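From a predicted model like this one, the values you see are computed outputs, not experimental measurements. All chains are named by letter (A, B, ...) in the order of the sequence lines, taking the proteins before the strands, and each is independently numbered beginning at 1.
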Amino acid sequence: MAYSQSVGNTRYSFPTLKSLLAKASPPRAGDRLAGVAAATAEENVAAKLALADVPLSRILAEPLIPYEDDAVTRLIIDSHDARAFEQISNMTVGEFREFLLSHDTDAKVLTGLAQAITPEMAAAVCKLMRNQDLILAARKCHVTTAFRNTIGLPGTMAVRLQPNHPTDDVAGIVASIADGLMYGCGDAVIGINPATDQPARIEELLRLLDNFIQRYAIPTQGCVLCHVSTTLDLMAAGIPVDLVFQSIGGTEATNRSFGITLDMLREASDAAQSLKRGTIGQNVMYFETGQGSALSADAHFGIDQQTCEARAYAVARAFDPLLVNSVVGFIGPEYLYDGKEILRAALEDHFCGKLMGLPMGIDVCYTNHAEADQDDMDVVLAALAASGVTYIMGVPGADDVMLGYQSTSFHDAMFVREAFGLGRAPEFEKWLAEMRITDPSGRLLPPAGGHRLIEDAIPVGAP
Amino acid sequence: MTGAPRDPWARLGTWTPARIALGRAGASLPTREVLSFALAHARARDAVHARLDLAALASDLKLLGLTSVEASSMARDRVTYLRRPDLGRQLDHASQDRLTVHRGDGCDLVVLIGDGLSATAVAANAVPLMSALLPLLRKLELKLGAVVIAQNARVALGDAVGVSLGARLVAVLIGERPGLSAADSLSVYLTYAPRAGRTDAERNCISNIRADGLTPEAAAINLSWLISAAMEMKLTGVSLKDRSVAVRATSEHLAGQGK
């Protein structure tokens, strides 16, 4: 179906919903690279004006990729909650924005609607929202998940402890884990990005995490972020796996480029569930996403990158994950050029994920070839904290020495807790106090030498 | 400047290059650490914009007895390269013509050395890796094509190079994007039956190759194992798991991996 909009004497035409969404998207490098962006600033606003008048039911009726051609499209349509949708089916996208911002629309309403909101609806309304709208609407969405602790409670923000080491050296990884715990981080997950996908090495790291978490009875979970096929093999071999990790994208072809299918994710999810390693919950999946992955894999079908990203959340929510995060600035300047584009994308991804019912975290990050620095990340982090972000990353000194990019640090997490008064997952908070790492208010105690975590972290036989 | 001290567990830093035990001023970083980070970031920014010295590289390869051919992607300059990865994956027409001359009857393996996002990494590690790899390749009795060295190159430029030279297998040695602690990390991507449209799931990767990471000598052992396995199984990618456990840190399937 064609869409059009007159602005003054100019009539703008948009042959498909796909092109309308792309041209209505706030400017960013990836859409320009893909050749789908608006040609002028006026065309961009004309597309927003036209999009504001599109009924949500129209969006449901016009799949961006044909049902027959794409497994993600089939998932979106087959899992749509038609009954819940009745409440919003008469709204246009513009009315939907005002509905989301209305004082009458609270957490309960939004939770009830999550399965009725398709990725394309979330992406469409997102394009009409200013950054402050994305903050206010997202903070109304409450999504709680659990494995060995409770993540996503209002007033809390969790942190993934990311203790990567360039050669997966065990003593080095343990040093970063101890440092992170002493800084009160690690409630979302202790998650290692391995430098290798060798099954024997992954097994060693999984056993390391399992032993470490058990030894100190830490109410958290471990994960080694390797390919799902590797994790499947290891689970079959009886290796201790808490969470199954996988990078996912918003089209079947993107997922193919990652070497995965929805069936593989289902098989892995079932296998991890059957291990029953969660003590208070059974959310066993951990997904990472990021705008630009579909374009990078040449698998975007002319869909703008923010809409592709929202479609990845449809994949994620089919598996009731414990954690989902966009790695927002990781992919580079050809997709998100500078600090302004990274800020916008971070707020969009967090909002769309939350609206669709996901425990959405953000890896607030940038690479050294992007036009961004620590000051930009401070702004992104503060805006996300105001949005109620579920979790962020905790990397020693914000410098990931294995992946070669800058994320958020243990200190950044403290900054957020101080500035916004946010606590941790309650079970983890309690453990930190028992370990004499924090005081009863949750603030770090003065650093003391001789703590058990530190003494134990020194390799046997070291001088 | 004295300032806030490091944490009492600073000695754990012996086991990792990560920035641990930094200390704190309230909830925030000590001044020392804010400025140390700023300096590292400034240096990484400079590395991204450094240029690869093609002549020096060619002459070092010649000392190893290797013939090299210069090539360039369609990305004409650094700014275009950063904004247009599609152009960095295509050979320019002059390079295509130049490579065709070297094609002959094709070959088993072509090595492409490209600047990627760190010419510094290539300058430091490409020649040591090739030097360690050559004796291992001789044992495999492979027919090695000319070594191609390219400016403004992305990983998939190797597919175009492999096609032009009629190679069964292409190994791309390329500078990783600089981190703060390491601006000189090299990666190798290995692709069987290179052709346009290969996805990352169809490649094997060895990363973090540098003196303080995976040494070029250890990387050469991993790479020759992968080359041999790829020739035998006639594939690369997710289905080819690296089981050469003698050395650590190798085949990484970036696409499915975290980040």
Side-chain angles (χ1 to χ4, degrees), chain A residues 29 33 165-169 171-172 175-176 178-179 182 191 193 195-201 225-229 245-247 256-260 288 297 327 330 333-334 367-369 373-374 396-406 411 414-415 417-418 447-449 454 457-459, chain B residues 7-9 11-24 26-29 33 37-38 40-41 44-45 47-48 82-86 117 176-182 185 197 199-201 207-208 212-214 237-238 241-243 245 248-253 255-259:
Chain A
L33 176 63
H165 185 278
T167 58
D168 294 335
D169 181 77
S176 287
D179 190 58
M182 291 301 287
N193 295 92
T196 157
D197 209 25
Q198 288 175 330
R201 297 290 301 164
L225 285 72
C226 60
H227 194 264
V228 65
S229 60
F245 169 82
Q246 184 55 47
S247 296
R256 194 180 312 126
S257 85
F258 289 157
I260 60 159
E288 274 188 346
V327 191
F330 186 74
E334 60 271 34
T367 59
N368 288 317
H369 60 320
D373 61 20
Q374 291 299 92
D399 171 14
D400 190 307
V401 293
M402 200 286 278
L403 291 166
Y405 78 124
Q406 284 89 258
H411 290 75
M414 277 196 291
F415 151 69
R417 299 198 190 289
E418 292 267 336
I454 299 302
I458 297 164
Chain B
D7 294 309
W9 54 90
R11 62 187 162 146
L12 287 186
T14 313
W15 290 281
T16 179
R19 292 168 193 258
I20 64 167
L22 298 183
R24 54 197 165 93
S28 307
L29 283 171
E33 298 300 335
F37 189 107
H41 184 234
R45 294 284 292 156
V48 167
L82 290 173
R83 292 192 187 218
R84 293 291 304 271
D86 54 327
L117 285 164
E176 294 175 14
R177 61 185 172 195
L180 295 188
S181 305
S185 238
T199 70
D200 286 347
S207 58
N208 278 306
D212 295 330
L214 181 69
V238 191
K241 297 264 188 249
D242 187 353
R243 294 182 198 278
V245 289
R248 57 175 50 152
T250 170
S251 170
E252 175 182 4
H253 168 224
Q257 205 92 353
K259 311 299 177 194

(request) I would like to know whether B/Asn208 and A/Thr167 meet side chain to side chain contact (heavy atoms under 4.5 Å, CB included); could you show each step before the answer? (result) CA-CA 8 Å; B/Asn208 278 306; A/Thr167 58; 5.9 Å; no
(request) Using the side chain to side chain contact (heavy atoms under 4.5 Å, CB included) rule, take B/Arg177 and A/Asn368 through it: C-alpha gap first, then chi angles, then the decisive distance, then the call. (result) CA-CA 7 Å; B/Arg177 61 185 172 195; A/Asn368 288 317; over 6 Å; no
(request) Test B/Arg11 against A/Ile458 for side chain to side chain contact (heavy atoms under 4.5 Å, CB included), laying out the working first. (result) CA-CA 9 Å; B/Arg11 62 187 162 146; A/Ile458 297 164; 3.1 Å; yes
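When each of A/Gly191, A/Pro333, A/Ser176 is scored by its heavy-atom pairs under 4.5 Å with chain B, the top score falls to A/Ser176. Residue with the most contacts toward chain A among B/Gly26, B/Gly213, B/Ala18: B/Ala18 (heavy-atom pairs, distance under 4.5 Å). Ranking A/Ala448, A/Ala175, A/Pro447 against chain B, the residue ahead of the rest is A/Pro447, based on heavy-atom pairs under 4.5 Å.
Heavy-atom distances place no part of A/Ala29 under 4.5 Å from chain B, backbone and side chain included. Looking at A/Ala178, the atoms closer than 4.5 Å to chain B (heavy atoms on both sides) all sit in the side chain, from C-beta outward. Of the two parts of A/Ala297, neither the backbone nor the side chain holds a non-hydrogen atom closer than 4.5 Å to a non-hydrogen atom of chain B.
The closest side-chain heavy-atom distance from A/His411 to B/Leu22 is below 4.5 Å. Put simply, the side chain of B/Asp200 does not reach to within 4.5 Å of the side chain of A/Phe258, judged on heavy atoms. At least one side-chain heavy atom of A/Leu33 sits under 4.5 Å from a side-chain heavy atom of B/Asp86. No side-chain heavy atom of A/Arg256 sits under 4.5 Å from any side-chain heavy atom of B/Thr199. Residues B/Phe37 and A/Gln406 meet the side-chain proximity criterion, which asks for heavy atoms closer than 4.5 Å. Residues B/Pro178 and A/His369 form no side-chain contact, since every pair of their non-hydrogen atoms from C-beta on lies 4.5 Å or further apart. Residues A/Phe415 and B/Ser28 form no side-chain contact, since every pair of their non-hydrogen atoms from C-beta on lies 4.5 Å or further apart.
In this structure, the separation between CG on A/Asp179 and OG1 on B/Thr16 is 9.5 Å, given to the nearest 0.5 Å.
Shown here are the side-chain hydrogen bond (donor to acceptor under 3.5 Å, both in side chains) partners of A/Ser229, two or more places apart in sequence or in another chain: A/His227, B/Lys241. Scored by the side-chain hydrogen bond (donor to acceptor under 3.5 Å, both in side chains) test, B/Glu176 finds B/Ser187 as partners (sequence neighbours excluded).
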